[in-house]
Asker: 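Pasting a structure here, questions to come.
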Amino acid sequence: MQRATANRLTPYMFMAPAVVIMVIALLYPLGYMVWGSFRDWDPSQTIGEAEFVGLKNYITLWHDPNFRESLGVTLSFAFFVVTFEMVIGVGLALLLDRNIRGMSVLRTLFILPMMIAPVVVGLMWRYMYHPTVGTFNRFFEAIGLPTVDWLGANALMSVIIADIWQWTPFIFILSLAALQSLPRSALEAARIDGATGWQQIIHIKLPLMMPVLIVTGLLRLIDAFKVLEVILVMTEGGPGLSTEILALRISRTATEFRELGVAAAMSNYLLILLLFITVMMFAFTRWQEMRANRLRAAVEEDE
Amino acid sequence: MATSYERQPPAFYALIAALVVMSVGPVLLMFVNSFKLDVDIISGTSGLIFLPTIQNYETALCDVLWYKPDHVDHCSLKFGNAFGNSLIIALVSTALTLVIGCMASYALVRFRFMGRDSVSLTTLMVRMVPPAVLLVPVFGLWNNEFCIGKTTYVGSLIRETFGGRGDVCLAGTHSGIILVYVAMNLPFVIWILQSFIVQVPRSLEEAARVDGAGPFQVFFKVVLPLIKPGLAAAAIFTFRIAWNEYLLASALSDRNTKTVPILIVNNMSEFNVEWGVIMATGMLLAIPPIIFTLFASRQIITGMTAGAVKG
Amino acid sequence: MAGTAFANPYADYEGTTLIVNFPAHPHYDAVMKILPEFTAETGIELEVDQLPYLKMRERQTLELGQDEGEYDLIAYVVFSKADYVFADQLENLAKYFMNPKLSDPGYDAGDLIDGYVYNIGFAGGDKGYLEGATGSLFGIPYGSETSVLGYRKDIFDKHGLKVPETYDELLEIACKIPELEPGMGGLSSRAASGHHAAHAFLLHLNPMGGAIFDDQWNPVVNNEAGVKAAEALKTIVDCGPEGATNFGFGEALGSFLNGDTAMFLDTTVVAGQIDDPSKSQVVGKVGWALHPMGVERASQTGGFGIGIPANAENKEAAFLLMQWLTSKKGDKLVAMAGGNPSRFSTHADEEVNAKYPHMATFGEALKHADPDWRPIIPVWGKINADLGTTLSKVLTEDLDIQEALDGVAERTKGVMTEAGYYTWN
Amino acid sequence: MPTIHLENLIKRYGDVEVLHGIELEMADNEFTVLVGPSGCGKSTTLRMIAGLEDVSEGEIYIGGKPVSRLEPKDRDLAMVFQDYALYPHMNVARNMSFALRLQKRPKAEIDQKVKAVAATLGLTDYLARKPGELSGGQRQRVAMGRALTRDAGTFLFDEPLSNLDAKLRGQMRAELALMSQRVQKNMIYVTHDQIEAMTLADRIVVMHGGYIQQQGTPEELFKRPVNKFVAGFLGMPPMNFLEGEIVERDTGVFVSGDGFDLQLGAEKAAAAKAHQNKEVILGVRPSDLTFDADASEQEALTLDVMVSEYVGAQSVLLCRCGPANVMVEVNSETPVALGQTLTFAVNPNGVHLFDRHSEVAI
Amino acid sequence: MPTIHLENLIKRYGDVEVLHGIELEMADNEFTVLVGPSGCGKSTTLRMIAGLEDVSEGEIYIGGKPVSRLEPKDRDLAMVFQDYALYPHMNVARNMSFALRLQKRPKAEIDQKVKAVAATLGLTDYLARKPGELSGGQRQRVAMGRALTRDAGTFLFDEPLSNLDAKLRGQMRAELALMSQRVQKNMIYVTHDQIEAMTLADRIVVMHGGYIQQQGTPEELFKRPVNKFVAGFLGMPPMNFLEGEIVERDTGVFVSGDGFDLQLGAEKAAAAKAHQNKEVILGVRPSDLTFDADASEQEALTLDVMVSEYVGAQSVLLCRCGPANVMVEVNSETPVALGQTLTFAVNPNGVHLFDRHSEVAI
Ligand SMILES: Nc1ncnc2c1ncn2[C@@H]1O[C@H](COP(=O)(O)OP(=O)(O)OP(=O)(O)O)[C@@H](O)[C@H]1O
Ligand SMILES: Nc1ncnc2c1ncn2[C@@H]1O[C@H](COP(=O)(O)OP(=O)(O)OP(=O)(O)O)[C@@H](O)[C@H]1O
Ligand SMILES: [Mg+2]
Ligand SMILES: [Mg+2]
């Protein structure tokens with residue numbers, strides 16, 4: 001009998017350490033932050049001293065055009081970044097999913113960009129984007145192309161490119177790992193069934209990788225909303241607000257404007273947004289499962 | 001058994017080469033620059049027409065060098081020390097995160113239990129908090145809540161042995177930073193590993209259970225080895241994040257627990273961007289994670305579960 | 001006993017270790033070189049925590065918030081003064097200067113550059129953040145700077161150009177250079193979104209006779225002086241080196257060091273780098289002149305001061321260090337080490353001038369230093385940011401200057417109301 | 001070793017009920033074989049005994065005490081899985097020794113045990129291989145070996161020999177038979193193979209569609225199947241079924257249908273009488289039909305040969321008798337022409353009768 | 001349909017050589033069955049033909065042209081895997097229709113085909129299930145179905161029936177036999193089941209340890225095995241082997257050993273003469289030993305019964321003849337006591353002789 005109870009406790013035993021740590025180190029501060037978002041909170045005050053202002057922070061933000069603008073920037077940034085990285089990353093993984101000599105070296109080469117400290121990456125790209133001495137424009141000049149005003153007119157694009165460069169490896173590695181742990185026999189069967197390389201990818205590999213891909217995309221999305229250092233170093237959000245994504249604005253609000261309350265409120269907006277996306281995603285997958293089941297039921301009906 | 005390598009069309013290699021150039025190019029540039037004087041870097045003398053100098057590395061490593069390079073008149077960078085901190089923090093936190101993380105995700109995948117979904121969603125949610133916001137509360141908590149009063153026995157003991165003042169707090173200690181990193185990376189690990197654990201054939205676990213393995217034995221002896229690819233991937237990222245994270249580290253570390261990224265940032269006052277030194281430090285900083293990746297990515301191998309079951 | 005005490009005021013503090021928080025900044029790099037001397041002389045150990053100044057500010061905000069802080073002495077940026085004093089986190093220096101055991105009679109406070117002192121040290125006087133009847137001293141300027149005009153002697157000689165005295169001349173020459181020297185920019189100024197742009201604008205605002213606020217805290221940036229300043233900035237950037245629109249300080253200076261521009265109008269701290277062959281290609285080719293005048297001469301003042309945190313552990317010792325650093329002796333040492341002195345005497349000192357010919361000019365510039373070139377109030381950060389982004393739009397997206405500034409003024413008004421500056425009228 | 005008792009065991013997957021109340025009592029160290037068509041619930045039953053599927057309803061008793069809440073490891077049993085379920089990251093040796101290593105047995109003992117089992121399974125050369133590098137049969141043997149190295153109280157086998165060749169199968173069967181006598185253990189064994197079932201079982205349990213059809217000694221089931229399904233399921237080639245009805249004549253009781261008219265032996269007749277003129281199904285095993293040209297009408301079937309299958313010593317003839325197909329075996333030497341009509345004597349004790357509707361034996 | 005020709009096929013895994021030069025020629029739409037003990041290389045051969053394992057040496061010709069460099073899809077074949085290899089994410093229907101969908105066949109046709117095949121395999125109720133929710137046998141049937149829905153030029157089966165019960169197996173066998181006649185295709189079929197091999201094969205190929213031992217029609221192999229291995233491998237219960245030697249007496253040629261002294265029939269004698277006094281092995285199938293109390297010394301074996309196994313209609317007796325074990329079959333009715341000594345007449349045409357060293361048939 002007591003075994004049965006032990007049995008029931010197992011999952012909790014497995015969960016416990018993770019839960020404890022996250023509660024201490026994330027949920028608690030998180031609550032702190034949510035609580036703070038209702039106060040007019042200056043970094044040199046402790047939260048206790050800060051004056052309670054209710055929803056004021058949220059409302060002011062809602063009407064603040066700058067906030068909206070950078071929300072827009074954030075969304076488009078996240079969208080492009082994630083889409084491109086998914087496509088390139090998965091593509092690369094599919095390309096490298098074979099055993100050729102020096103594979104692990106190749107992999108490492110491709111992961112390299114991710115391993116450089118963000119600040120340095122930022123500097124590096126800022127350097128390469130430099131209008132005159134920058135690598136790109138020098139190259140363009142060399143081959144007689146018109147130079148591009150990278151961090152000026154096309155700042156957002158430039159930032160996106162840099163981020164893609166740095167974070168595609170993330171998708172790449174995870175999808176590669178997923179690919180490698182697919183059931184080989186199913187793939188053999190597919191080859192016998194006359195599937196071309198493409199068809200194998202579309203009908204077998206991708207569907208079987210889907211769980212990993214969804215999660216990966218989601219995590220990447222979340223991170224895309226949090227990119228900070230690279231952009232900070234590259235453009236400091238400029239020109240104008242054209243690259244001031246929310247994370248950046250949040251940290252500026254916290255440090256430059258010294259309005260922690262507002263910063264907190266801002267990140268709560270961000271949080272809500274992300275939650276919304278996430279829940280939508282799950283809702284969608286769930287819905288698909290349900291549909292599949294219903295179909296199944298239907299079929300088993302008319303048998 | 002010797003694996004036979006597939007031969008590939010030249011086009012394939014061409015493509016790969018191109019991609020490699022794209023991804024490695026900037027790093028290469030950075031590498032080259034780290035051997036230039038700032039003056040050459042700024043003037044962007046591209047290509048390799050310059051006389052390489054190790055000055056930058058000397059500056060970066062000035063506190064570990066046995067001799068005193070003449071161009072540095074005082075050694076502002078405590079690289080050696082910081083490097084040590086980074087290593088400890090990154091390794092420990094990665095290890096912890098992986099173990100704890102995959103236990104949790106195993107529970108989430110294999111067991112149905114109260115509040116399962118809410119847990120898994122919460123984990124994701126906490127991942128969404130921008131560090132910029134965590135900064136202030138965490139700093140407050142680490143300095144005030146998570147402390148041993150200096151009056152208490154333990155506290156006073158520590159103070160006597162290690163010196164310092166005020167209560168003994170998480171802030172400024174390795175464990176303080178490690179704790180945050182573990183927490184930060186857990187959601188990621190948990191979520192990634194879930195999708196790998198799902199793919200482990202259940203009947204293997206069943207076999208183990210019949211063979212007399214308890215839940216933990218099943219997990220550590222059967223499941224864990226089979227999700228190596230996932231683990232490796234996860235490890236790479238956790239390590240990478242723990243290694244490069246700047247914001248929280250800068251808030252939680254004191255002068256003796258600084259990590260290398262902090263050094264770098266501190267080194268670039270906007271009045272005087274020391275390009276060379278930063279590049280050099282950047283390169284040095286990149287080496288450990290690269291080595292780590294090299295080893296980890298060997299674990300990402302095909303056919304872990306070959307021959308396990310029919311189906 | 002007492003005899004020794006007289007002999008050595010530092011005796012009581014021998015062996016104590018001070019933890020000091022300095023910015024990563026050429027001046028303080030110079031300071032680092034002279035600190036060993038202090039330890040040698042006083043037996044007071046030092047541990048320095050050097051941070052880039054924005055980071056330093058964050059760090060301090062967090063540290064000063066604690067009831068027991070780490071730092072005994074901090075260098076702070078001018079605009080932190082308001083916050084720290086307001087939050088009661090800086091020691092009022094009065095009680096130390098009053099303490100005979102501590103204060104050195106030979107310390108000639110009058111010799112300190114008053115512009116700096118008022119700007120950086122004082123609080124509680126006029127407008128709340130300046131000197132004045134109600135004001136008192138919370139810090140001492142250290143590593144403070146002013147704006148001067150650097151120009152390429154060789155270029156100017158080559159084309160027989162005259163060093164600009166007024167803004168009109170400045171702008172004219174700035175735009176003539178690119179024609180004379182193809183590929184070379186006139187004057188390299190920072191312009192990147194954020195505080196770079198704002199700073200560059202303010203650089204021209206006072207000379208043009210403008211200001212952010214009038215005495216009733218009403219925003220007046222959008223008066224025609226303001227517009228003139230903005231136009232000046234725009235002209236400069238347009239005639240500047242390629243891609244100047246998103247230059248930060250780094251690029252701006254970079255292009256000057258690189259010989260891509262003929263003039264550089266900004267802080268004095270760059271002098272050191274310009275003469276460093278490992279960084280610059282224009283060593284010895286640069287001459288210095290006063291910040292050109294518009295309707296008046298008004299060179300910017302800025303940089304750092306040093307003060308004692310309220311939650312410091314060894315305040316007396318900290319004061320001693322502070323006093324030593326800013327004493328005539330210390331000041332000269334720093335100057336020789338390549339820092340920027342904060343005493344008139346040092347600027348005049350021929351030994352210093354021998355080593356750094358430009359010092360005289362700098363000293364001259366300081367006479368025109370304007371302590372109130374921008375308000376030092378808690379909400380400034382926000383206004384500054386807004387100003388910065390808006391100007392950046394002006395420079396990149398050709399937003400009309402007048403309406404841009406009107407916008408700033410309006411939003412500023414909002415902020416100020418919010419912050420309660422109009423409670424009395 | 002403990003008795004095992006299944007009490008009204010029910011299993012549902014979602015709302016599909018796949019086991020409808022299994023009642024089963026297995027005596028000490030009895031060798032029980034579960035047979036039944038694919039998908040009838042054999043594996044499920046086995047897995048429930050092992051504790052791998054939870055019990056939807058009913059209870060399992062091992063040695064008298066209810067175990068359906070216990071973890072598998074607390075039920076003291078070893079199992080061979082239908083889909084091998086080998087640990088892909090361990091080589092054969094480690095696969096087989098896993099359980100023992102968990103029990104922290106002394107190294108020497110483990111080695112010796114593994115070696116011994118490997119030898120009997122002919123795996124000695126493969127001990128160092130990973131499952132991925134083995135052939136199907138070799139994998140199955142490893143799975144088998146994993147169970148045999150244990151000395152658990154109960155052994156569960158789910159088609160442990162299905163991938164082995166006749167020869168090897170024969171050997172393993174002998175091995176098992178020996179083992180079940182030597183070590184006194186309970187064995188529950190799922191198989192498809194007639195011969196295996198017949199030779200190994202102390203008792204055979206025939207399942208169909210989630211129900212138990214009949215259980216008993218091989219001989220019982222073979223001689224006295226309780227219904228048409230069991231009769232048809234056991235025996236290779238399968239029993240022949242012919243539709244007919246009981247007619248009583250003064251000469252005796254006959255079962256007659258399209259193409260035959262057969263007199264029943266004494267005691268069958270007695271049983272049949274009750275079913276006067278009822279529609280029945282006549283069942284005769286090929287082995288009860290012997291080629292005999294001069295057998296009399298009412299003790300024989302006359303069949304038209306359609307197909308002749310060569311099966312080594314014997315040939316199987318597929319013939320027609322009226323509307324029905326009938327299989328018979330003849331010695332391969334007997335010359336047979338297709339389309340030829342032959343008479344086969346019916347062994348009177350080999351006659352089975354079933355009610356045509358309930359399909360229950362008469 | 002194309003002929004298939006394996007030319008000196010060699011396969012190495014690392015440095016383990018598992019196939020040593022397979023030579024095989026298969027005529028148009030011939031039904032070839034590969035049999036052999038577990039691990040002898042059947043699957044490997046099949047997988048090489050399919051193009052799933054690359055050829056270490058030698059060449060494969062399909063319809064005359066070398067294919068060993070071709071992708072599987074370009075070889076126009078369908079295959080059933082020993083380990084099912086179902087697509088875990090597709091339900092049964094989609095699993096079976098995958099190939100057709102790839103070929104962009106019209107929806108209607110696909111449905112109709114799938115339905116048809118599912119019906120013959122008894123999978124109709126499971127079309128919507130995912131493989132994970134199927135029983136072992138059902139999975140195997142799906143694997144089978146996947147091949148059958150194709151109309152490829154060549155069909156490869158790797159033990160497609162090993163998890164099915166006798167009944168179903170019988171049906172499927174019939175199905176296959178029919179199909180192989182109806183659709184004119186090449187079939188290469190790996191099995192362990194004697195009966196399957198015998199009944200389905202146009203030609204049987206016996207493999208052992210990576211070599212082909214013998215190939216030919218079932219009857220050939222059964223009647224004239226070229227060596228002891230083949231003789232012992234085919235036939236259930238297996239052939240009995242007794243060590244003895246050839247002795248020529250004036251009465252005729254005898255093979256005599258410990259416990260027997262048997263006169264050889266005419267043509268065997270002729271063959272045997274050459275091997276005067278050579279050490280040989282006498283092989284007799286149980287089916288060639290018939291219980292006959294009054295058979296004469298030199299045409300019979302006298303055996304002591306040790307074990308009696310009940311196998312339905314027949315019982316198998318395990319007896320001793322001198323040092324050797326001998327299996328015989330008797331009708332279950334014949335009363336037999338253990339330890340009893342019985343005489344069995346030997347069918348003179350059922351006598352096989354092998355050289356004791358080379359084990360080659362004489
Ligand atoms: N990947 C591999 N690495 C090394 N050896 C292997 C590998 N795969 C198979 N073998 C060996 O090759 C031999 C032939 O394997 P194969 O699967 O062809 O046997 P099989 O005839 O199919 O046996 P079964 O009837 O048991 O399936 C076996 O001894 C096996 O151990
Ligand atoms: N996870 C599941 N969900 C739904 N139905 C299932 C599941 N697993 C098995 N079944 C069904 O339960 C029935 C019994 O399955 P089981 O595996 O016990 O059959 P079996 O007797 O072992 O057949 P076989 O001899 O083919 O292995 C089958 O019809 C199968 O389709
Ligand atoms: Mg089963
Ligand atoms: Mg095989």
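Atom set for the values below is all heavy atoms of this structure, side chains included, hydrogens, waters and symmetry mates excluded.
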Asker: For a 4.5 angstrom cut-off between non-hydrogen side-chain atoms, does A:Leu176 reach A:Arg107?
Answerer: yes
Asker: With a 4.5 angstrom heavy-atom cut-off, could you sort out which part of B:Met22 is near chain A: side chain, backbone, both or neither?
Answerer: backbone
Asker: Quick one: does B:Asn244's side chain have a donor or acceptor within less than 3.5 Å of a partner on A:Met115's backbone?
Answerer: yes
Asker: Between B:Ser86 and B:Val260 (side chain of the first, backbone of the second, donor and acceptor by atom type, cut-off under 3.5 Å), is there such a pair?
Answerer: yes
Asker: Counting heavy-atom pairs closer than 4.5 Å to chain A, which one of B:Leu96, B:Leu179, B:Val182, B:Ile287 comes out on top?
Answerer: B:Leu179
Asker: Mind listing the closest non-hydrogen atom pair of A:Pro113 and A:Val121 along with its distance?
Answerer: O-CG2, 4.4 Å
Asker: Aromatic rings A:Tyr28 and A:Tyr32: how do their planes relate, parallel, tilted or perpendicular, breaks at 30° and 60°?
Answerer: perpendicular
Asker: Closest heavy-atom contact between B:Tyr181 and B:Ala249?
Answerer: OH-CB, 3.3 Å
Asker: Would you mind checking which part of B:Ile16 comes under 4.5 Å of any heavy atom in chain A, side chain (CB onward), backbone (N, CA, C, O), both or neither?
Answerer: both
Asker: Between chain B and each of A:Leu95, A:Leu109, A:Val23, count heavy-atom pairs under 4.5 Å; write down the option with the most.
Answerer: A:Leu95
Asker: Are A:Arg138 and A:His130 side-chain neighbours, meaning at least one heavy-atom pair lies under 4.5 Å?
Answerer: no
Asker: Answer with side chain, backbone, both or neither: which region of A:Leu208 has an atom nearer than 4.5 Å to a non-hydrogen atom of chain B?
Answerer: backbone
Asker: Can you say whether A:Ile111 sits under 4.5 Å from chain B via the side chain, the backbone, both, or neither, judging by heavy atoms?
Answerer: side chain
Asker: Calculate, to the nearest 0.5 Å, the distance between atoms CD1 and SG belonging to B:Ile227 and B:Cys102 respectively.
Answerer: 5.0 Å
Asker: Given heavy-atom pairs under 4.5 angstrom as the criterion, report whether the side chain, backbone, both or neither of B:Leu285 touches chain A.
Answerer: side chain
Asker: With a 4.5 angstrom heavy-atom cut-off, could you sort out which part of A:Met114 is near chain B: side chain, backbone, both or neither?
Answerer: both
Asker: Which atoms of B:Pro26 are under 4.5 Å from chain A, going by heavy atoms: the side chain, the backbone, both sets, or neither?
Answerer: both
Asker: Any side-chain heavy-atom pair from B:Met279 and A:Met124 closer than 4.5 angstrom?
Answerer: yes
Asker: Within a strict 4.5 Å, meaning less than it, do heavy atoms of the A:Asn137 and A:Tyr129 side chains meet?
Answerer: no
Asker: Where on A:Asp223 is there a heavy atom nearer than 4.5 Å to chain B: the side chain, the backbone, both, or neither?
Answerer: side chain
Asker: Pick from A:Pro118, A:Gly134, A:Ala186: which one has the most heavy-atom pairs with chain B under 4.5 Å?
Answerer: A:Pro118
Asker: Any donor-acceptor pair under 3.5 Å linking the side chain of B:Asn185 with the backbone of B:Thr97?
Answerer: no
Asker: Against chain B, work out which of A:Pro29, A:Ser251, A:Ala16 has the most heavy-atom pairs shorter than 4.5 Å and name it.
Answerer: A:Pro29
Asker: Can you name the nearest heavy-atom pair linking B:Ala296 to B:Ile236, along with the distance?
Answerer: CB-CG1, 3.6 Å
Asker: Using non-hydrogen atoms and a 4.5 Å limit, figure out which bit of B:Tyr246 sits close to chain A: side chain, backbone, both or neither.
Answerer: both
Asker: Using a 4.5 Å cut-off on heavy atoms from C-beta on, say whether the side chain of A:Arg220 contacts that of A:Ile171.
Answerer: yes
Asker: For the OH atom on A:Tyr12, are there more than 12 heavy atoms of other groups (residues, nucleotides or ligands in this structure) within a distance under 6.0 Å?
Answerer: yes
Asker: Identify which of A:Val19, A:Leu248, A:Thr253, A:Ile24 forms the greatest number of heavy-atom pairs closer than 4.5 Å to chain B.
Answerer: A:Ile24
Asker: So does A:Ile231 get a backbone contact from the side chain of A:Glu229, meaning a donor-acceptor N/O pair under 3.5 Å?
Answerer: no
Asker: Can you tell me which portion of A:Leu270 sits under 4.5 Å from chain B's heavy atoms? Options are side chain, backbone, both or neither.
Answerer: side chain
Asker: Pick one of side chain, backbone, both or neither for A:Leu96, based on which atoms fall under 4.5 Å of a heavy atom in chain B.
Answerer: side chain
Asker: Under a 4.5 Å heavy-atom cut-off, does chain A meet the side chain of B:Leu15, its backbone, both or neither?
Answerer: side chain
Asker: Could you tell me whether the side chain of B:Ser23 reaches within less than 4.5 Å of the side chain of A:Pro169, counting heavy atoms only?
Answerer: no
Asker: Using non-hydrogen atoms only, which part of A:Thr168 is less than 4.5 Å away from chain B: side chain, backbone, both, or neither?
Answerer: neither
Asker: For A:Ile214, is it the side chain, the backbone, both, or neither that has a heavy atom closer than 4.5 Å to a heavy atom of chain B?
Answerer: neither
Asker: For chain A, which of B:Met103, B:Arg240, B:Met30 has the most heavy-atom pairs under 4.5 Å?
Answerer: B:Arg240
Asker: Can you confirm whether B:Val200 sits close enough to B:Arg110 that some side-chain heavy atom of one is under 4.5 Å from a side-chain heavy atom of the other?
Answerer: yes
Asker: Counting only heavy atoms closer than 4.5 Å, note whether A:Ile116 contacts chain B via side chain, backbone, both or neither.
Answerer: both
Asker: Please classify the contact of A:Phe170 with chain B as side chain, backbone, both or neither, using a heavy-atom distance under 4.5 Å.
Answerer: both
Asker: Which atoms of B:Phe219 are under 4.5 Å from chain A, going by heavy atoms: the side chain, the backbone, both sets, or neither?
Answerer: side chain
Asker: Side chain from CB out, backbone as N, CA, C, O: work out which of these in B:Ile190 comes under 4.5 Å of a heavy atom of chain A, or both, or neither.
Answerer: side chain
Asker: Against chain B, work out which of A:Val120, A:Ile88, A:Ile222 has the most heavy-atom pairs shorter than 4.5 Å and name it.
Answerer: A:Ile222
Asker: Against chain B, label A:Phe110 side chain, backbone, both or neither, depending on which of its atoms sit under 4.5 Å from a heavy atom there.
Answerer: both
Asker: So for B:Phe188, is it side chain, backbone, both, or neither that comes closer than 4.5 Å to the heavy atoms of chain A?
Answerer: both
Asker: Which one of A:Ile250, A:Asn268, A:Thr216, A:Ile173 has the most heavy-atom pairs closer than 4.5 Å to chain B?
Answerer: A:Ile173
Asker: Using heavy-atom distances under 4.5 Å, tell me whether B:Phe216 contacts chain A through its side chain, its backbone, both, or neither.
Answerer: both
